[in-house]
Trainee: 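The structure under discussion is supplied below as structure tokens; questions concerning it will follow.
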Number of protein chains: 2
Amino acid sequence: MLKTYSMFDDILQRDQHAVAKGTILKSEGEESHSRMYVAGGWLAASKSLEDGEQQIIEFILPGETYDPTATDGKTSFLQIEALCDAVIVSIDKTSWAQLLRQDPELRKSERQREIAAQARQSERMLRLGRASAETRIAYVLIELCIRVSRQGTGFDSEFHVPFGQQQLGDFTGLSSVHVCRTLRRLNRAGVIRTGDHMDILIKDQHALAELAQVDIAALRDEITTDAA
Amino acid sequence: MLKTYSMFDDILQRDQHAVAKGTILKSEGEESHSRMYVAGGWLAASKSLEDGEQQIIEFILPGETYDPTATDGKTSFLQIEALCDAVIVSIDKTSWAQLLRQDPELRKSERQREIAAQARQSERMLRLGRASAETRIAYVLIELCIRVSRQGTGFDSEFHVPFGQQQLGDFTGLSSVHVCRTLRRLNRAGVIRTGDHMDILIKDQHALAELAQVDIAALRDEITTDAA
DNA sequence: CGTTCAGTTGAGTTGCTTCAACCCGTGTGG
DNA sequence: CCACACGGGTTGAAGCAACTCAACTGAACG
């Protein structure tokens, strides 16, 4: 992670720019010719139905890159939005190709990241299609916790996510009302404790993993790129 | 497609082998060191919850390749099953890397296929999380129709899928009973006609697209790799 | 000619949604 | 400093879409 970061140093100097919370960096169907590197802040990649229903497909965290360019090489197939104030570097297609060519390490680590993203997405689809609200919420809390506390061996058990229950619903395919109810139930059961502004404390990791129907250690290996 | 196919000719001669319908080619967590090329038949890539609920993540059609190997480089993160009698070629990691190195065309077309798969998956997640049973079923019929009739400009409007309503449910996150009801409703409304053994005839393409909340032409470009 | 398996249909249940009210912390203008 | 509006979270009540369970049909097959 840190190693990869340093590879962008020269680009970081030149092309990084700050974006405010709520900024839409790319819309569905809009022109797209570049990969974005997130130097700070969280992004959400989402799709919407005509009736306005939104589904968040992926969160993009600091240190990760993402390219929403479709097969036509010209347009974005999903919408990218800043969930909080963020710092983004745009790397155009040819520069990116050059970076990959120059640096086999980068190529390999980006490949790993793609596989990890694919594994995460599969886990989510499974629960989106087949699991209860409780399982979906428990799972997403664990996934986010792992991704946030990627440094160190740790499952930090306490973390913060820079968005609200509405977005958690858009990610898990639930209404914000039901997200709220489910979170409250987990609170009352003593499994988690939620603080102000989406601070999450996992009080009973074992119980949460049970609810999420997941093995935390195995999941960490699967959805993470850090060699242990 | 045909062009890509010819690239595998030498390998096809050597290493292809037939598998019977229902064969599990890879299980979750099982050893996996190779990419598979599907010379004939359909595969399903799926994940299961502990309680046995299954979600099909992707169908793999003839002419496509797939590699379920996780970030550890050793195990598969999902299950691969033959939906009908099929012919598979296993290409080990190093051979595949060599093929990609030798042939920039192959590398490019595989990259395109990955992007198309990602776009399809996003469309499905959107509907899995946010759309009604009717929309999900309508969408999957259109997606499959496009993928099946990829040759030619055509939306063939009539096609066959080699699996039952149960699997359609596992793909759309619905019970087989509800798949049946929804299909019947579409039949009665005159939008489609279903024949024996999952033969599908799309009678009213426009109405189906409306239900699926999708623009067929745009979708074809997005989820397909054939330059028009 | 019985068995099996996929699809079909009805009846009853339930988990999640929608709608609506209310609370509370924050920002804002008189 | 208070009044007010505003947005996010919380809770209750009511509705409904999809689920489960169970029975039946019909085609395929030995």
Trainee: Select base, sugar-phosphate, or nothing to describe what A/G169 touches, counting heavy atoms under 4.0 Å on all strands.
Mentor: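 Answer is nothing: A/G169 stays at 4.0 Å or more from every strand.
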
Trainee: Output yes when at least one side-chain N/O atom of B/S175 is less than 4.0 Å from OP1 or OP2 of D/dC19, else no.
Mentor: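 For D/dC19, OP1/OP2 do have a side-chain N/O of B/S175 under 4.0 Å.
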
Trainee: With sequence neighbours excluded, what pairs up with A/Q54 under the side chain to side chain contact (heavy atoms under 4.5 Å, CB included) test?
Mentor: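 Side chain to side chain contact (heavy atoms under 4.5 Å, CB included) list for A/Q54, sorted by chain: A/S46, A/S48, A/Q79, A/E81, A/D170.
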
Trainee: Name the residue closer to the 5' end of DNA chain C, choosing between B/G164 and A/A131 according to the nucleotide with the nearest heavy atom.
Mentor: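 The residue mapped nearer the 5' terminus is B/G164.
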
Trainee: Any side-chain N or O of A/Q165 below 4.0 angstrom from OP1/OP2 of D/dT10?
Mentor: yes

Trainee: Atom CD of A/E53 and atom P of C/dT17: how far apart are they, to the nearest Å?
Mentor: 9 Å

Trainee: Under 3.5 Å, side chain of B/R136 to main-chain N/O of B/T172, donor-acceptor pair present?
Mentor: yes

Trainee: Please identify each residue that fulfils salt bridge (charged side-chain N to carboxylate O under 4.0 Å, His left out) with B/R124, with sequence neighbours left out.
Mentor: B/E58, B/E143

Trainee: Residues of residues 178-191 of chain B with any non-hydrogen atom less than 4.0 angstrom from an atom of DNA chain C: list those, numerically ordered, please.
Mentor: B/C180, B/R181, B/R184, B/R188

Trainee: State, to 0.1 Å, how close B/L208 and B/L141 come at their nearest heavy-atom pair, and which atoms those are.
Mentor: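 Here B/L208 and B/L141 meet closest at CD2-CB, 4.3 Å.
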
Trainee: Base, sugar-phosphate or nothing for B/S132? Non-hydrogen atoms, less than 4.0 Å.
Mentor: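 Answer is sugar-phosphate: B/S132 comes under 4.0 Å of backbone atoms only.
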
Trainee: I need the CD1-P distance between B/I200 and C/dG7, as an integer number of Å.
Mentor: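 About 11 Å, once rounded to whole Å.
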
Trainee: Could I get the full list of salt bridge (charged side-chain N to carboxylate O under 4.0 Å, His left out) partners for A/E210, not counting sequence neighbours?
Mentor: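 Not a single residue meets the salt bridge (charged side-chain N to carboxylate O under 4.0 Å, His left out) criterion with A/E210.
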
Trainee: Drop me the distance from A/D85's CG to A/K21's NZ, to the nearest 0.5 angstrom.
Mentor: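 Between A/D85 CG and A/K21 NZ, I get 8.0 Å after rounding to 0.5 Å.
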
Trainee: Measure the distance from CG on A/L128 to P on C/dC16 and round it to the nearest whole Å.
Mentor: 13 Å

Trainee: Please list each protein N or O that sits under 3.5 Å from an N or O in nucleotides 27-30 of chain D, with the distance.
Mentor:
none

Trainee: For a side-chain contact (heavy atoms from CB on, under 4.5 Å) check, start with the C-alpha distance between A/T69 and A/R35, then their side-chain angles and the critical distance, and finish with the verdict.
Mentor: CA-CA 8 Å; A/T69 308; A/R35 178 166 285 262; over 6 Å; no

Trainee: Which residues pass the side-chain hydrogen bond (donor to acceptor under 3.5 Å, both in side chains) test with A/T135, not counting sequence neighbours?
Mentor: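 In terms of side-chain hydrogen bond (donor to acceptor under 3.5 Å, both in side chains), with neighbours along the sequence ignored, A/T135 is linked to A/S132.
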
Trainee: Would you confirm whether the ring centroid of B/F171 sits within less than 6.0 angstrom of the ring centroid of B/F163?
Mentor: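 No, the ring centres sit 6.0 Å or more apart.
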
Trainee: Provide, to the nearest angstrom, the distance between the CZ atom belonging to B/F163 and the P atom belonging to C/dG7.
Mentor: 11 Å

